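Comments concern the structure below.
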Amino acid sequence: MSVESGGASADFAPPAAGPAAVDAGAGGSSEGGVQAGVLLYYAYRDLRRCQAEVRDWMEALCCELGLVGRVRVALDGLNATLGGSMTALRRHIAAVEQRFGDPAAGPAIDFKLAASSGRKSEAAAAGSKFDRLTVATCKEVVSMGQASWLAEPDPAAPAADQCGGSTISPPLAQGVLPAGARHVEPAEFHAMLAEAAAGQAGGGAKPTVLIDTRNYYETRIGRFQAAQVELLDPEVRCFSDTPAWLEANQHRLANRRIMMYCTGGVRCERASAYVRSLGSCFQDVVQLKGGIQRYLEAFPDGGFFKGKNFVFDERVDVEGGSGAVVGVCIACGCPWDDYRHRRRCPCCRMLVLMCDGCATAIPEPASSNGHGEADSAEFGPPQLQQQQQQQQQQQQPVCDLCQRRQQQVKLATAAGSSGGGCDVRRLRILCLHGFRQSARNFEGRTHALRRRLKDLAELVFIDAPHKLPAWSKLGAGEEGLPAVIITVPSTVAAAAGSAAAPAVAAAQETAQEQQGQDQSVALAEPRPEPAAALPQQESCEAGGQRQQGGQPRRAWLLVPEQYEAIHTRQQQQQQVQQQAEAVHIGAQQPPGSCAHPADPAPYVDEWQFQRQIAGWQESRQALEAALREQGPFDGVMGFSQGAAVAAVLAAQAAVELQLQRQQEASKGARTGGAEHSPLLPWQPPIRFAILCSGYVSPLEEHGQLLQAAAAAGGADLPTLHIYGSGRDDRQVSMKESAELAECFNPTKRFVVRHSSGHIIPSSRAVVHRIRDFLLHVQQERPQPAQA
């Protein structure tokens with residue numbers, strides 16, 4: 001949970017034991033004439049080498065000053081919400097500024113200090129953990145689940161014992177805070193909203209969207225409202241769900257001005273950087289500097305902000321100045337915007353609004369009295385207590401998000417039991433495997449995905465035409481012993497190309513589910529660059545013959561040297577076969593063939609996928625045959641090299657679809673422009689693509705097609721791009737996959753970035769996103785004409 005807060009605060013009660021406060025009465029709002037206050041700030045600094053030392057320093061400082069609240073000491077900086085006397089808080093500011101305020105160490109720190117008006121309730125103080133001091137270490141200043149954005153520490157940076165004063169290593173060059181939005185002062189933010197509202201009403205301004213990056217329960221009591229400006233509320237329970245929402249909704253953000261806000265600014269720092277990382281169509285982004293708190297200071301009447309500002313301390317909320325009540329009681333629906341009762345949804349435990357009358361009429365479950373402790377007022381046998389708790393739990397109103405989820409489950413169950421889904425034809429998807437894979441092992445490795453999508457899609461797997469030889473590489477210090485660099489267990493590798501592959505994948509999936517881990521649907525393609533080595537017991541293909549232990553490995557494109565070598569070997573084998581038939585003897589191995597894997601050729605390296613330009617004619621023929629004999633297909637899915645080829649098919653399909661639209665519009669033959677020569681025949685064209693760990697094919701005609709599509713605003717069909725983020729995919733980089741995504745229409749483009757490496761994850765979150773995409777394209781599928 002973020003520790004953002006803002007505005008004024010409450011009575012602060014420092015721990016009874018511990019260092020004495022600097023000012024007497026610092027724990028009260030006005031005791032002894034000492035004014036209490038609340039302080040909010042965050043600072044992005046590189047603390048990777050001194051996190052523990054900074055935590056101890058911060059804890060000692062806060063205890064010495066008698067402060068309460070929460071401080072996050074993260075790898076990438078500090079995030080604090082503290083309470084105490086105004087004098088103590090000012091001394092805290094001075095100490096933090098002295099140590100971390102050097103401009104060379106990072107952006108200036110915005111200390112938001114305000115007087116306190118008193119705590120909302122004892123329950124609010126306990127629920128917000130503002131009745132004590134907590135200084136904790138963590139990975140991120142605000143939990144976004146993107147710690148992989150942090151660059152590797154510089155070996156030349158100071159050691160941990162040198163991390164003091166202003167000697168902290170510069171963060172921006174290290175990637176501590178990725179480039180985010182332009183910060184705009186409250187007055188400029190207000191003017192931009194007014195201009196957007198007036199311009200969009202008259203059609204003269206750039207389309208603008210306003211994103212509230214706070215959690216759902218925060219937005220229930222207050223939010224910005226500007227006529228004609230679309231407000232996008234991600235409706236997330238926690239900030240770590242925001243990246244997935246941004247990826248799933250980027251088609252609503254592309255080529256628009258994006259304005260963002262949160263409580264104090266810290267969440268916008270990360271969210272805006274994430275938006276900008278989505279591509280060139282997402283660069284016009286601004287964030288409200290200082291957040292809602294600074295805006296309300298500049299506009300006491302509330303301006304465009306209606307309702308209250310939710311804060312993460314014992315005050316719970318701060319009046320916004322407008323006087324508007326935007327929330328409603330979850331039980332009776334009356335206007336209500338006060339969380340003082342600290343009631344929670346019985347399903348997800350998220351805060352919900354409940355008015356005084358309903359809070360009295362609907363008692364809390366006996367298991368919790370608002371402080372997370374058992375209610376000792378309930379007595380009786382354990383069985384009776386359990387029955388009472390169940391009855392009270394059933395009386396508790398469920399939050400809006402859980403209500404929607406329950407309704408979706410009911411509709412899906414009703415449709416399944418009534419056979420309502422039988423009238424909808426499943427989407428047929430052509431699946432293209434990666435380099436050094438085959439249709440059989442790709443099918444086996446996507447067992448979990450196929451099982452979870454079986455009600456929506458039929459996946460059809462085909463083989464690439466080029467059969468590859470088996471390579472081996474010498475391991476370091478193990479001369480004479482081949483090093484197996486396939487990234488799957490040997491038991492899986494042996495079965496991956498056989499009919500047992502689905503069973504192996506299912507067993508592996510079950511084992512991982514029992515361990516509570518995310519399993520992968522497509523295990524890492526056996527290192528496409530360099531070519532993966534195969535176990536010693538597997539013989540080489542001898543000109544394309546089946547390898548021992550499974551199906552031959554295949555490819556859609558090859559480096560020219562490998563293409564030439566394979567075809568030379570095939571020609572030698574054909575000559576030997578012809579000679580053998582002429583003298584009525586059995587076929588023998590051609591010269592240069594082997595019974596064991598050969599040493600890798602000089603052209604085998606980590607970057608050979610960038611030089612694979614040979615063999616497209618054969619691959620084109622194989623794709624034509626699949627489309628003709630196994631079609632029609634609604635979409636195409638590819639992994640790694642298969643995704644590079646699938647992208648070409650999708651881009652060409654977009655061209656064909658556009659020509660069809662023009663033909664329908666003109667109600668005649670195609671007119672205008674040069675004669676069209678498609679890369680592949682389409683009857684009818686595919687309508688969507690799923691590209692996993694893909695990259696732009698280095699083949700010139702492929703590159704020209706995709707570059708032309710990108711120049712025209714992107715190939716105009718829905719696409720889903722799934723790839724590793726940051727440094728997670730060490731075979732095809734995030735940059736290369738993002739460049740491929742840029743070739744498709746951003747308003748129809750969906751992206752899933754994960755931290756699982758060079759695979760297609762089958763975690764629930766990723767599968768849910770894939771299902772959402774398929775439902776989206778299924779709804780857009782043209783219906784067959786009625787007779």
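Computed from a predicted structure; not experimentally measured.
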(message) So, taking the atom named CG in L65 and the one named CZ in R90, what distance separates them when rounded to the nearest 0.5 Å?
(response) 13.0 Å
(request) Evaluate the criterion side-chain hydrogen bond (donor to acceptor under 3.5 Å, both in side chains) for residue pair H776 and D772; output intermediate values, then yes/no. (result) CA-CA 6 Å; H776 172 75; D772 283 348; over 6 Å; no
(request) Please check if the side chain of Q51 supplies one atom and the backbone of V73 the other of a donor-acceptor pair under 3.5 Å. (result) yes
(message) For a 4.5 angstrom cut-off between non-hydrogen side-chain atoms, does E247 reach H721?
(response) no
(request) From the options V316, V325, L351, D337, select the one residue that forms a side chain to side chain contact (heavy atoms under 4.5 Å, CB included) with I221. (result) D337
(message) I'd like to check L278 versus R753 (side-chain heavy atoms, cut-off strictly below 4.5 Å). Are they in contact?
(response) yes
(request) Measure the CG-CG distance between L40 and L89 for me, rounded to the nearest 0.5 Å. (result) 11.5 Å
(request) Considering non-hydrogen atoms only, spot the tightest contact between C399 and V352 and give its length. (result) CB-CG1, 3.8 Å
(request) Assess whether side-chain contact (heavy atoms from CB on, under 4.5 Å) is satisfied between R267 and N215, documenting all intermediate values. (result) CA-CA 10 Å; R267 284 177 281 190; N215 300 329; 3.9 Å; yes
(request) For the pair R344 (side chain) and R349 (backbone), establish whether a donor and an acceptor sit closer than 3.5 Å, ignoring hydrogens and angles. (result) yes
(request) Under the side-chain contact (heavy atoms from CB on, under 4.5 Å) rule, what do L78 and R45 come out as? Steps first, then yes or no, please. (result) CA-CA 7 Å; L78 305 169; R45 298 293 187 270; 6.0 Å; no
(request) Would you please test M350 and D400 for side-chain contact (heavy atoms from CB on, under 4.5 Å) and show each step? (result) CA-CA 10 Å; M350 184 174 68; D400 296 341; over 6 Å; no
(message) Over 60° means perpendicular and under 30° means parallel, so tell me whether H251 and F750 are parallel, tilted or perpendicular.
(response) tilted
(message) Rounded at 0.5 Å granularity, tell me how far CD in E195 sits from CD in E188.
(response) 10.0 Å
(message) Please check: side-chain N/O of R70 versus main-chain N/O of F312, any donor-acceptor pairing under 3.5 Å?
(response) yes
(request) Identify the two heavy atoms, one from E140 and one from R72, that lie closest to each other, and give their separation to 0.1 Å. (result) O-NH2, 2.9 Å
(request) Looking only at non-hydrogen atoms, find the nearest pair between G302 and Y295 and report the distance. (result) O-CE2, 3.3 Å
(message) Is any side-chain heavy atom of P746 closer than 4.5 Å to one of Q250?
(response) no
(request) State plainly whether the residues K289 and D110 are in salt-bridge range, i.e. N to O under 4.0 Å. (result) no
(request) Ignoring hydrogens and angles, tell me if any N or O in the side chain of E269 forms a donor-acceptor pair with the backbone of G180 under 3.5 Å. (result) no
(message) Tell me if a side-chain donor or acceptor on Q283 pairs with a main-chain N or O of R276 at a distance below 3.5 Å.
(response) yes
(message) Using 30° and 60° as the class boundaries, would you call the ring planes of F111 and Y41 parallel, tilted or perpendicular?
(response) tilted
(message) With a 3.5 Å distance limit and no angle check, can you tell me whether S725 reaches the backbone of H754 through a side-chain donor-acceptor pair?
(response) yes
(request) Kindly check if the number of other-residue, nucleotide or ligand heavy atoms within 6.0 Å of CZ (R405) is above 12? (result) no
(message) Quick one, E235 with R223, criterion salt bridge (Lys or Arg N to Asp or Glu O under 4.0 Å). Give me CA distance, side-chain angles, the key distance, then yes/no.
(response) CA-CA 12 Å; E235 298 186 344; R223 50 191 173 270; over 6 Å; no
(message) Ring centres under 6.0 Å, that's the criterion: do F305 and F299 meet it?
(response) no
(request) Side-chain contact test, heavy atoms from C-beta onward, threshold under 4.5 Å: evaluate it for F224 versus V229 and give yes or no. (result) no
(request) Let me know which of I292, D233, V236, T242 forms a side chain to side chain contact (heavy atoms under 4.5 Å, CB included) with R214. (result) I292
(request) Indicate yes or no: at least one non-hydrogen side-chain atom of R343 is less than 4.5 angstrom from one of C329. (result) no
(request) Considering non-hydrogen atoms only, spot the tightest contact between M260 and I258 and give its length. (result) CG-CG2, 4.0 Å
(request) Considering non-hydrogen atoms only, spot the tightest contact between L133 and E59 and give its length. (result) CD2-O, 4.3 Å
(message) For Y274, does the six-membered ring have the charged nitrogen or CZ of R270 within the cation-pi criterion, i.e. under 6.0 angstrom from the centroid and within 45° of the normal?
(response) no
(message) Let's go through Y261 and F304 carefully: what are the C-alpha distance in whole Å and the side-chain angles of both, what is the deciding distance for ring-ring contact (aromatic ring centres under 6.0 Å, His included) to 0.1 Å, and is it a yes or a no?
(response) CA-CA 12 Å; Y261 70 91; F304 285 108; over 10 Å; no
(message) Quick one: does any side-chain atom of R749 pair with a main-chain N or O of F744 as donor and acceptor, under 3.5 Å?
(response) yes
(request) Output the distance between atom OG1 (T208) and atom CD (Q228), rounded to the nearest 0.5 Å. (result) 11.5 Å
(message) Please give me the minimum heavy-atom distance between A244 and R769, naming the atom from each residue.
(response) O-NH1, 3.4 Å
(request) Say whether, by atom type as modelled, one donor and one acceptor occur between the side chain of K306 and the main chain of Q225 under 3.5 angstrom. (result) no
(message) Walk me through whether L246 and L253 qualify under side-chain contact (heavy atoms from CB on, under 4.5 Å).
(response) CA-CA 9 Å; L246 292 172; L253 309 177; 4.2 Å; yes
(request) May I ask you to decide if A74's main-chain N or O and R48's side chain share a donor-acceptor pair within less than 3.5 Å? (result) no
(request) Kindly compute the distance separating OH (Y42) from CG (D76), expressed to the nearest 0.5 Å. (result) 12.0 Å
(request) Taking the side chain as every heavy atom from C-beta outward, state whether P397 and I362 have any atom pair closer than 4.5 Å. (result) yes
(request) Any chance you could measure R340, atom CZ, to L353, atom CG, to the nearest 0.5 Å? (result) 11.0 Å
(message) Can you confirm whether W336 sits close enough to I330 that some side-chain heavy atom of one is under 4.5 Å from a side-chain heavy atom of the other?
(response) no
(request) Please examine the side chains of L232 and N249, heavy atoms only from C-beta on, and report whether any two atoms are closer than 4.5 Å. (result) no
